[in-house]
2 protein chains.
Amino acid sequence: MVDRSQRATARKATTLKQLAAHVGVHVSTVSRALNPETRNLIGPEVAKRVLAAANELGYVPNSMAAALRTGQSRTVGILIPDLMNPVFPPFIRGIQDTLDGAGYTAIIANSDGDKDYERVIVQKMQARFVAGLIMATALYRDDPAVGECIEKGIPVVLINRGVDNREISAVVSDDGAGIAAAVEHLVRLGHRRIAHAAGPPETYTGMMRRRAFLNAMQASGLPADEDLIVFASGYTVPAGREALAALLERGKPFSALIAANDQLALGALDGLAEAGLRVPRDVSLVGFNDMPLVDRIDPPLTTLRIQHYEMGAEAARILLDELADPQRDRRTVMLEPQLIVRGSTAPAT
Amino acid sequence: MVDRSQRATARKATTLKQLAAHVGVHVSTVSRALNPETRNLIGPEVAKRVLAAANELGYVPNSMAAALRTGQSRTVGILIPDLMNPVFPPFIRGIQDTLDGAGYTAIIANSDGDKDYERVIVQKMQARFVAGLIMATALYRDDPAVGECIEKGIPVVLINRGVDNREISAVVSDDGAGIAAAVEHLVRLGHRRIAHAAGPPETYTGMMRRRAFLNAMQASGLPADEDLIVFASGYTVPAGREALAALLERGKPFSALIAANDQLALGALDGLAEAGLRVPRDVSLVGFNDMPLVDRIDPPLTTLRIQHYEMGAEAARILLDELADPQRDRRTVMLEPQLIVRGSTAPAT
DNA sequence: TTGAAAGCGCTAACAG
DNA sequence: CTGTTAGCGCTTTCAA
C-alpha cells in the first residue's frame with residue numbers, strides 16, 4: 001500500500017497531504033512543523049518525524065499554492081529595456097544575488113524601450129503576484145507604467161533613473177560627479193573646447209548628464225556652448241556616429257568629446273575616423289559605463305565606470321526594506337562613478 | 001454602492017468573482033467568456049458584456065490560481081552559469097521572445113557553474129511549477145540536475161551541450177564544421193603547425209571542440225600533435241593566458257592558435273604579447289563565439305560566430321513542442337557557426 | 001499540542 | 001447556453 005502510493009507520487013511532486021498521511025498526522029500539523037516560525041507550536045518528536053519524512057519524500061512546497069493563500073509570492077519583477085545591452089546583466093546579478101538571500105525570486109522582462117509594452121509587462125507581473133518591481137528602464141522620464149504601480153500600491157525601485165516626485169526610491173549613478181571628473185581630467189590635459197554627445201532628450205540619463213556637463217564646464221570657467229552639444233537619437237553605436245556627423249557639420253572646433261555612454265563613444269570613434277580625425281591625437285574621447293572590452297579597443301577608451309552590480313544590489317536591498325515596512329521613507333541612493341583614464345584621452349595640442 | 005466596491009478594489013486586483021457580480025452572471029460564465037477556447041459556449045451578448053466589464057475594471061487573471069487549478073504554470077526555467085558572460089543574454093532573448101509568443105514566462109537563474117546549487121535551483125523551479133527547463137549551463141558533462149529532471153518527468157532542452165543518451169533534446173552549434181572552417185582558413189594561409197587552447201576537459205564544448213580540432217587537422221593532412229593542445233582551467237581570460245604560458249613552455253613551435261572561445265583567445269593574446277610575440281605577424285589567432293566588441297580590439301579577432309539568439313529561439317521552440325506533445329521524439333538541432341575573418345589571422349611567414 | 005474547516009482565485013466536470 | 005459544485009495545495013483561524 002505504501003509502495004503504491006509512493007510510486008504514484010514519483011512523477012508528481014509530493015504534497016502536504018501525502019506527507020501528512022505518511023507521517024500519520026493532520027496536514028495543518030505538517031504545515032506548522034515545516035514552517036520555522038510555527039514549529040514551536042508542535043511537539044518536538046512530531047516535528048522531527050515530519051522533517052524526516054519531508055526529506056525522505058523529497059517534499060518541495062508548492063509556492064503557487066502558498067502564494068495564493070497568503071497573497072505573497074516572494075517574487076519581484078525586473079524590467080529592463082534590453083538584456084543584450086551589456087550594462088544590464090551586472091544590474092541583474094546584483095539584484096538576484098541580493099534577492100536570493102532573502103528567499104525571493106526575480107522575473108526578468110525586456111521592454112525594448114516600448115512604453116506601451118512596458119505597461120503590459122507590469123500587468124503580467126501583477127498577475128504573477130509580484131511583491132515589487134525594480135525598473136532599470138533608464139528611459140523615458142515620464143512613464144505611465146511607474147504611475148500605474150504607484151496607483152496599485154506596488155512598491156517600485158528605479159535604477160539609473162530618478163523620478164520627479166518623491167514617491168519612489170531610486171538608485172542612480174552620480175552623473176554630476178562623474179561628468180565633472182571627466183571635464184576636470186580634460187581641462188587638466190589642456191582642453192578648452194569640449195563637446196558633448198548627449199543621450200536622447202527624453203531619457204533621464206540623457207538630461208542628467210547633459211546638465212552635469214553644462215555645470216562642470218561652467219565650474220571650470222569654460223564656455224558652455226550649446227553648439228557643442230548634440231543629442232543622439234538613441235544609445236547605440238549608429239546614433240553616436242550620426243551625432244558626431246551632426247556635430248562636425250556645425251563647424252565649431254572642439255578638441256575633446258564626452259559621450260553620454262560608451263556605445264555613443266564607439267559610434268563617435270567611427271565618425272571621427274571617417275572624418276579623418278585621429279583619437280586621441282586630434283580629439284580626446286570619453287565614454288560612460290566602462291562596458292566590457294572597451295579597455296581593449298583601439299584606442300582603449302577613457303570612460304566612467306559605474307558600479308553596476310552594486311547598484312543592482314542596493315536597489316534590491318531598498319525594495320526588500322520597503323516590502324518589510326511599506327511605510328518606510330523612500331530613498332534615493334547615489335553611487336559615484338569612477339573615471340578610468342585610458343588611451344583615448346591625451347593632452348591638447 | 002458600485003462606487004464603493006470599485007474603490008475597495010482599487011488597491012487589490014479585480015477577481016473573477018467581482019467581475020461576475022459586476023456583470024450579473026456566474027463566475028464560470030465569466031471564466032468561459034474570457035477564455036478564447038471556450039468563448040463559443042457563451043452567448044455573444046453576454047460574452048461582449050463580460051469582455052467590456054473586464055476591460056473597464058482592468059481585470060488581470062491571477063495566473064497563480066489558474067496554475068494551481070490546472071497544474072500548468074506557463075512558466076519555463078532557464079538555467080545559465082553566469083548572466084554576465086556576454087554569450088548568454090542573446091540565448092535568453094531568443095528564448096524569451098519565442099516563449100512570449102506562446103504566452104509563457106521565463107524564470108532565469110544563475111548556477112555559477114556549481115553543480116550542487118544547480119540542483120537546488122531545479123528544485124525551486126519545480127516548486128514554481130515550471131512546465132519545462134532550458135539549461136544553457138554549457139558545463140559539466142555528467143550532470144545530476146539533468147538526471148533529476150528526467151526522473152521527475154520535467155521536459156528539458158539543453159543549449160550548447162549535448163548529452164550521452166537520447167532522452168533529451170538539445171540545440172548545439174556545429175563545432176565540427178566551425179573548427180574545420182577555422183583550420184581550413186589557417187591552412188589556406190599556409191599554417192601547418194596549429195595549436196589549440198581547449199576548454200576544460202569536463203565541459204561539453206571543451207571536449208567537442210578539441211575532438212573537432214583533431215579531426216580537422218587530420219582531414220587537412222596535418223599532424224594532430226597532442227603537444228599542441230593545452231587545456232584551459234576555465235573559460236576566462238586569465239585561464240587563456242595561463243594556457244598559453246603552458247603551451248609556450250613545451251617549446252613546440254606553432255604559427256597559429258585556435259582557442260575554444262573568445263575569452264581564452266583574449267587571454268592568449270595577452271600571453272603572446274607578454275612573450276614578445278605579435279598577432280598576427282608571429283602567431284595567427286582564432287576565437288570562438290564572436291563576442292561583442294572583439295571586432296574592435298587590436299587586432300580585430302578572427303572568430304566563429306555562433307547564432308546565439310537563434311539557438312535560444314530554437315530551444316524554446318523545441319520545448320514548446322514537447323510541452324504540447326510529451327511523446328514527441330527528442331531532437332538535437334545543430335546550427336552552423338560562421339567563420340568571421342578579421343585581423344588576427346594572416347599568412348604564415 | 002493537534003485537528004477541523006474555511007478559503008485564496010480559478011477551472012472543469014456535470015447538470016440543467 | 002449557463003449555473004452548480006468541487007477542488008488544486010496551502011495557511012490560518014477556531015476549537016478541542
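Just so we're on the same page: letters track the sequence lines, and every chain starts at 1. Computed from a predicted model, the values in this text were never measured in an experiment.
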Select from A:Ile42 and A:Val27 the residue whose nearest nucleotide in DNA chain C is closer to the 5' end of that strand. A:Ile42
With side chain to side chain contact (heavy atoms under 4.5 Å, CB included) as the test, pick out the partner of A:Pro89 among B:Leu83, B:Asp82, B:Ile92, B:Asn110. B:Leu83
In whole angstroms, how far is the P atom of D:dC10 from the CZ atom of A:Arg32? 15 Å
Do A:Glu118 and A:Lys115 meet the salt-bridge criterion of a basic N to acidic O distance under 4.0 Å? no
Can you list everything that forms a side chain to side chain contact (heavy atoms under 4.5 Å, CB included) with A:Thr105? Sequence neighbours excluded, please. B:Ile107, B:Arg128
Provide a list of protein-nucleic acid N or O atom pairs under 3.5 angstrom, restricted to nucleotides 7-9 of chain D.
from, atom 1, to, atom 2, distance (Å)
D:dG7, N2, B:Arg69, NE, 3.4
D:dG7, N2, B:Arg69, NH1, 3.2
D:dC8, O2, B:Arg69, N, 3.3
D:dG9, N2, A:Ala65, O, 3.3

In whole angstrom, give the distance that lies between atom NZ of A:Lys48 and atom C1' of C:dT1. 17 Å
Calculate the interatomic distance between A:Glu37 atom CD and D:dT12 atom C1'; express it in whole Å. 14 Å
Taking A:Glu322 as the fixed residue, which of A:Arg328, A:Arg317, A:Arg330, A:Arg331 is the one that meets the salt bridge (charged side-chain N to carboxylate O under 4.0 Å, His left out) rule? A:Arg330
Return no unless some side-chain N or O of B:Thr29 is found under 4.0 Å from OP1 or OP2 of D:dG3. yes
Round to the nearest Å and state the distance from B:Gln18 atom CD to C:dC8 atom C1'. 13 Å
Looking at every strand, decide which applies to B:Leu41 at a 4.0 Å heavy-atom threshold: base, sugar-phosphate, or nothing. base
Check whether B:Arg161 reaches the backbone of B:Val172 with its side chain - one donor and one acceptor, N or O, closer than 3.5 Å. no
All side chain to side chain contact (heavy atoms under 4.5 Å, CB included) counterparts of A:Asn40, not counting sequence neighbours: none
Interatomic distance where NE2 belongs to A:His26 and C1' belongs to D:dC10 [whole Å]: 12 Å
